[in-house]
K.L.:
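One structure follows; several queries about it will come next.
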Amino acid sequence: MNRRDLFRTVLGAALPLSVRSASVSQLETEIVRLKLRHTWTTVMSSSEYRDTFHLRFTADGVTGRGEGAPIPRYKETAETARRAIEAVKDRITSSDPRQFSKLLDDVFTHIQGEFAAKAALDIALMDWNGQKLGVPLYRYFGLDPNDAPVTTFSIGIDKPEIVRQKVREADAYPVLKVKVGLKTDEEMIEAVRSVTSKPLRVDANEGWTDKEEAVRKINWLEKQGVEFIEQPMPAHMLEETRWVRSKVHIPIIADEACLHPEDMPRLASSFDGVNIKIDKCGGMLEAFRMINIARSLKLKTMLGCMISSSVAITAAAHLSPLVDYADLDGNLLIANDPFEGVLVKNGRLILPNRPGLGLLPR
Ligand code: MG
């Protein structure tokens with residue numbers, strides 16, 4: 001124990017509980033390397049592992065855990081997330097974690113960008129508060145766990161024989177999400193369709209820059225039993241996307257175009273729905289706000305994820321009873337998940353009925 005920890009412990013023991021809780025808080029950060037079951041390829045990148053940022057917040061003998069997956073598109077890394085939190089560590093540990101809204105508002109004004117870092121802190125504080133209150137987080141938000149939707153299982157871009165193998169391995173999932181947007185779109189879908197007739201959802205990750213091409217591809221995908229298409233064109237091409245939307249029949253969902261609550265009103269005329277991610281917006285509280293704003297704009301709502309462990313995926317899953325679609329499979333794509341949290345049974349998300357996130361170490 002160093003002098004600072006000793007001081008905190010001695011001080012903590014001498015103070016009344018209300019004051020003590022804030023003075024003995026501890027915060028630890030860690031970068032965890034998650035190994036992928038398959039090499040993961042999308043329009044943006046190809047990799048065999050992902051580093052995510054983890055955070056443990058301890059006070060009153062309770063530890064809340066959080067995780068954020070840095071998104072390379074926004075120039076975030078696990079290391080920048082860690083530095084962002086380390087720079088405001090004292091501000092966090094000297095605040096009352098029960099007043100998490102105030103704490104997060106204050107801390108976030110001192111962090112530019114770094115939404116994975118913000119997500120990890122928000123999740124850890126929500127986990128801590130759920131445990132202190134003795135309620136699972138879905139109950140904290142007033143939700144019915146039986147309303148949790150089916151999650152898609154994602155098939156990354158790959159050679160046809162590998163795609164067929166991935167689809168066979170995904171036998172337990174009733175709906176698949178297929179990544180397209182490179183030159184191999186038809187090949188990808190045909191490989192999937194050669195082994196399954198399940199409903200498909202397709203994510204182009206901004207891959208098509210020509211609006212006529214986007215319409216052609218979407219109309220072809222509709223014939224292949226695709227339910228909706230995510231982010232067909234680059235995020236800034238809202239006019240073109242509105243035109244595409246007027247020429248196709250299946251819903252168009254915004255992902256890269258929809259980062260924060262203030263984005264949503266201007267998206268409502270170009271898209272039918274939005275994909276909200278905790279790592280992208282900076283936490284469960286912000287995601288909850290976004291879901292409610294989207295619903296008020298009559299947009300379909302989807303909760304998506306990055307590749308991450310059960311910490312971040314379970315956080316999103318606790319909000320999933322509120323949304324129309326879930327794509328919360330990031331933990332299923334990795335081989336070394338340190339926790340068990342949300343489970344998937346016949347494709348449906350099963351929320352843990354334990355306080356906070358309800359995580360169990362593996
Ligand atoms: Mg997407």
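Just follow the structure's listing: the first ligand is 1, and inside any ligand the first atom is 1.
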K.L.:
Under 2.8 Å from the Mg ion (ligand 1), is there an N/O/S atom belonging to Asp327?
P.N.:
no
K.L.:
Just wondering, more than 12 heavy atoms not from Tyr49 lying within 6.0 Å of its OH?
P.N.:
no
K.L.:
May I ask you to check whether His260 and Phe115 place their ring centers less than 6.0 Å from one another?
P.N.:
yes
K.L.:
I'd like to know whether the aromatic ring centres of Phe141 and Phe288 sit less than 6.0 Å apart in this structure.
P.N.:
yes
K.L.:
Given the Mg ion (ligand 1) as the apex, I'd like the angle to OD2 of Asp255 and OE2 of Glu230, rounded to 10 degrees.
P.N.:
90°
K.L.:
Would you mind listing every salt bridge (charged side-chain N to carboxylate O under 4.0 Å, His left out) that reaches into residues 196-205, with sequence neighbours excluded?
P.N.:
Lys177-Asp203, Lys179-Asp203, Arg201-Glu227
K.L.:
Which atom, counting only N, O or S, brings Asp203 closest to the Mg ion (ligand 1)?
P.N.:
OD2
